Enquirer: 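This is the structure, below, for whatever I ask next.
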Amino acid sequence: MSKIKAILTRSHMILTAAAGLMGACGVAAAAAAAHVGGAQKLFSVALVLLAHAAAILALTARPGRLAAGAAWAMAFGASLFSFDVGLFTLRGAHLFPMAAPTGGITLILAWLTVVFAAATDVRSK
């Protein structure tokens, strides 16, 4: 059991750092959207990064593997979506075909995992 706890603790530390980086990138995307001509899509990038950075921080405060899994999925999905939309907005190229939709679907699944984790918590009490 202590090995799982150590893995979750390390996971939470990495996720907290990722959330901080996502928050910083979200603020930068909002600033770019406000100052770079034709970059209105960066407001979507900012919203996704900032909202999911906060959600990841909240999930790292919860115990359990489901919450950690949801946080990792959010970090991956938000990063993938945001990087692809930002790259396309600023450079006219995609990361790879269907990158943004893949990130978005990953985010939806992450949020559904949060619902499942909450339902599991309710049943166990």
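Start at 1 with the first residue, then count along the sequence. Here the structure is a predicted model, which is why all the values come from computation and not from measurement.
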Enquirer: Once salt bridge (Lys or Arg N to Asp or Glu O under 4.0 Å) is applied, what residue pairs with a partner in residues 83-97 remain, sequence neighbours excluded?
Expert: none
Enquirer: What pairs with Phe88 under ring pair (Phe, Tyr, Trp, His ring centres under 6.0 Å), at least two apart in sequence or on another chain?
Expert: His94
Enquirer: Hydrophobic clusters join Ile, Leu, Val, Met, Phe, Trp and Tyr when side-chain heavy atoms are under 4.5 Å apart, directly or via other members; which others share one with Leu80?
Expert: Phe76, Phe83, Leu87, Leu95, Phe96
Enquirer: Could you state the interatomic distance from OG1 (Thr89) to CD (Gln40), rounded to the nearest 0.5 Å?
Expert: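 Here the rounded value is 9.0 Å.
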Enquirer: Of all residues at least two apart in sequence or in a different chain, which pass the side chain to side chain donor-acceptor pair (under 3.5 Å) check with Thr9?
Expert: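 Per chain and number, Thr9 pairs via side chain to side chain donor-acceptor pair (under 3.5 Å) with no residue.
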Enquirer: Which pairs, with at least one residue in residues 24-33 and sequence neighbours excluded, count as a side-chain hydrogen bond (donor to acceptor under 3.5 Å, both in side chains)?
Expert: none
Enquirer: Only pairs at least two apart or in different chains count here, so list each salt bridge (Lys or Arg N to Asp or Glu O under 4.0 Å) that has a residue in residues 105-114.
Expert: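 Sorted result for residues 105-114: empty, none.
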Enquirer: Let me check something: any side-chain donor-acceptor pairs from residues 109-119 under 3.5 Å, sequence neighbours excluded? List them with distances.
Expert:
{"unit_1": "Trp111", "atom_1": "NE1", "unit_2": "His52", "atom_2": "NE2", "d": "3.0"}
{"unit_1": "Thr113", "atom_1": "OG1", "unit_2": "Leu109", "atom_2": "O", "d": "2.8"}

Enquirer: What is the minimum heavy-atom distance between Leu49 and Ser82, and which atoms define it?
Expert: CG-OG, 3.4 Å
Enquirer: Please identify each residue that fulfils salt bridge (Lys or Arg N to Asp or Glu O under 4.0 Å) with Arg62, with sequence neighbours left out.
Expert: Asp121
Enquirer: Can you list every pair that meets side-chain hydrogen bond (donor to acceptor under 3.5 Å, both in side chains) and has a residue in residues 19-36, with sequence neighbours left out?
Expert: none
Enquirer: According to the salt bridge (Lys or Arg N to Asp or Glu O under 4.0 Å) rule, which pairs have a member within residues 94-118, sequence neighbours left out?
Expert: none
Enquirer: Mark yes or no for whether Thr60, through its side chain, and Leu57, through its backbone, hold a donor-acceptor pair below 3.5 Å.
Expert: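 A pair under 3.5 Å: yes.
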Enquirer: Do Leu59 and Trp72 sit in one hydrophobic cluster, given that two such residues count as connected whenever their side-chain heavy atoms are within less than 4.5 Å of each other, even indirectly?
Expert: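 They do share one cluster, since a chain of ILVMFWY contacts under 4.5 Å joins Leu59 to Trp72.
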Enquirer: Only distances under 3.5 Å count here; give the side-chain donor-acceptor pairs of residues 12-27 to other protein atoms, sequence neighbours excluded, each with its distance to 0.1 Å.
Expert:
{"unit_1": "His12", "atom_1": "ND1", "unit_2": "Leu8", "atom_2": "O", "d": "3.4"}
{"unit_1": "Thr16", "atom_1": "OG1", "unit_2": "His12", "atom_2": "O", "d": "2.7"}

Enquirer: Using residues 41-48 as the side-chain source, report each donor-acceptor pair under 3.5 Å to any protein atom, sequence neighbours left out, with the distance given to one decimal.
Expert:
none

